[in-house]
Amino acid sequence: MSSDNNQFETRAIHGGQQPDPSTGAVMPPIYQTSTYIQAEPGEHKGYEYSRTDNPTRTMLQNLLAAMEGGDFALSYSSGMAAIDTLMRLFNPGDHTIVGNDVYGGTYRLFDKVLSRYGLEFTFVDISDLQAIEAAIRPNTKLIWLETPTNPLLSIADIQAVTDMAGDNIKVAVDNTFASPYLQQPLALGADYVIHSTTKYIGGHSDVVGGAIILNDEADYEQLKFLQNAIGAVPGPMDCFLTLRGAKTLHIRMDRHSQNALQIARFLEDQTAVERVYYPGLESHPGHEIAKKQMRDYGGMISIIFKDGEKAARKFASSTKIFALAESLGGVESLIEHPRIMTHASTNDSDFSISPALVRLSVGIEHVDDLLRDIQQALASI
Ligand SMILES: *Cc1c(COP(=O)(O)O)cnc(C)c1O
């Protein structure tokens, strides 16, 4: 946990882990059980029912806390379940400032679901510190940052926002795109880190999950209560898969970042392309802040095509290695059209996604093969 002084790579493999005490198994056993025997009513070994606690989940939570350099972590059945549970720390009448380029599902949850229960939201450009400050009201309790954002890869200055928020306004950072290897928001003053572990942490497109990591013990106790009270928990097999994937996060992120930078540079030179969004490019408006707060720039790229929606759709349908699919962060390269696919829920808002935009999740295949695939898809439009 935060007392673990090892480097990230060591924490990702050993953080909060120990061989199974009863068998010596080096890898965490999958405790596929819903309940636990009690010697007498109320007398048990720390586990009573698997919604409340499960040893495989405990192991995953310990690892996630160690990776983010936090004191506590809680795992959920999906990223959305983690976000929904976090928002239940707040009460009707509380106001949240949130980025206008958040994950489509986050926008949908805030705008279509939680607003019905009296939570208030203002959507602003989170790369603009003054816009965030101007949105603060007497009842503002939370600033919700996603950085880099999805799909425009905008960058918020986490340290500047947490300084501005002070003690009375909490700051949550959805760290899904960066992963704990590239960016550690708690060290920059954030109160809560949220992950869709479905993406880079799991890393193999084989499991859905979410997490909250934090340092404040009172908030942790409340979130632990909510985790059990609401019950959006991951099963033991899901926890095992996430744990197994997480151990290689650092080497995967290095390769995702290397491949993506090379592909972003290539795309910038193509005549069919109007604009490339990648925080590792010097042309990106958030590049300097990204350089300051991230170790590298990750595997996500968005492209705007000069010829608009037609070119975007043709390109997205023509790649052979990049698979046309939602989600991101797996070892395999994916391509998608956010306006039709992941971000359709924002189409009726004033920050809907351009139909000319295509998003790439650059995988860890050989970069020459990926470049060739992009080249042939460009030739087809
Ligand atoms: C996918 C995603 C989520 C939602 O996570 P699920 O695991 O799909 O529920 C939240 N935030 C970001 C940035 C995401 O990419």
Side-chain angles (χ1 to χ4, degrees), residues 60 64 68 73-87 96 98-114 121 123 126-127 142 144-156 158 172-180 182-183 185 190 192-213 227 230 232-235 238-239 241-242 245-246 249 253 256 260 277 279 294 297-302 325-330 334-338 341-346 351 353 357 359-363:
L60 171 62
L64 294 172
E68 279 289 358
L74 291 155
S75 292
Y76 298 89
S77 53
S78 69
M80 292 318 304
I83 296 171
D84 182 59
T85 306
L86 183 80
M87 292 312 292
T96 296
V98 50
N100 60 11
D101 182 39
V102 275
Y103 175 67
T106 306
Y107 171 75
R108 181 175 54 205
L109 177 69
F110 288 0
D111 187 63
K112 304 281 191 298
V113 182
L114 297 177
F121 299 93
F123 295 88
I126 45 88
S127 66
L142 178 68
W144 183 279
L145 303 177
E146 200 180 288
T147 181
T149 64
N150 180 2
L152 293 181
L153 288 313
S154 296
I155 302 292
I158 299 173
V173 178
D174 182 333
N175 205 25
T176 299
F177 266 38
S179 88
L182 299 185
Q183 174 172 282
Y192 316 110
V193 171
I194 292 90
H195 279 286
S196 167
T197 55
T198 313
K199 314 295 170 54
Y200 287 107
I201 290 179
H204 296 76
S205 304
D206 53 8
V207 60
V208 171
I212 303 172
I213 301 101
Q227 185 190 44
I230 296 169
V233 293
D238 291 358
C239 293
L241 284 169
T242 308
L249 177 67
M253 289 318 290
H256 284 297
Y277 296 89
M294 297 175 75
Y297 306 101
M300 301 303 297
I301 302 174
S302 287
E326 298 197 5
S327 199
L328 60 109
L334 300 178
I335 187 165
E336 69 121 357
H337 189 276
M341 297 167 68
T342 49
H343 287 65
S345 63
T346 64
F351 40 90
I353 308 299
L357 187 138
R359 190 187 77 181
L360 302 177
S361 171
V362 178

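Read the numbers this way: they start at 1 and go in the same order the structure lists the ligands and their atoms. Because only heavy atoms are used, hydrogens play no part in the values below, and waters and symmetry mates are left out as well, while side chains stay in.
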Open item on the list: Restricting to ring pair (Phe, Tyr, Trp, His ring centres under 6.0 Å), what partner residues turn up for H256, sequence neighbours left out?
Closed with: Y200
TODO: Begin with the C-alpha distance, continue with both residues' side-chain angles, and end with the deciding distance and a verdict on side-chain contact (heavy atoms from CB on, under 4.5 Å) for R359 and H343.
DONE: CA-CA 11 Å; R359 190 187 77 181; H343 287 65; 4.3 Å; yes
Task: Pair F110 and W144, ring centroids less than 6.0 Å apart - done: yes
Task: For D174, side chain to side chain donor-acceptor pair (under 3.5 Å) partners two or more places apart - done: T176
Could you pull out every N or O of ligand 1 that sits under 3.5 Å from a protein N or O, with the distance for each pair?
residue: ligand 1; atom: 5 (O); partner: S196; partner atom: OG; Å: 3.0
residue: ligand 1; atom: 7 (O); partner: G79; partner atom: N; Å: 2.9
residue: ligand 1; atom: 7 (O); partner: S196; partner atom: OG; Å: 2.8
residue: ligand 1; atom: 7 (O); partner: T198; partner atom: OG1; Å: 2.7
residue: ligand 1; atom: 9 (O); partner: G79; partner atom: N; Å: 3.0
residue: ligand 1; atom: 9 (O); partner: M80; partner atom: N; Å: 2.9
residue: ligand 1; atom: 11 (N); partner: D174; partner atom: OD2; Å: 2.7
residue: ligand 1; atom: 15 (O); partner: K199; partner atom: NZ; Å: 2.8

TODO: First locate atom OH of Y103, then atom CZ of R108, and finally report the distance between them rounded to the nearest 0.5 Å.
DONE: 6.5 Å
Task: Any residue meeting ring pair (Phe, Tyr, Trp, His ring centres under 6.0 Å) with F351, in chain and number order, not counting sequence neighbours - done: Y107, F123
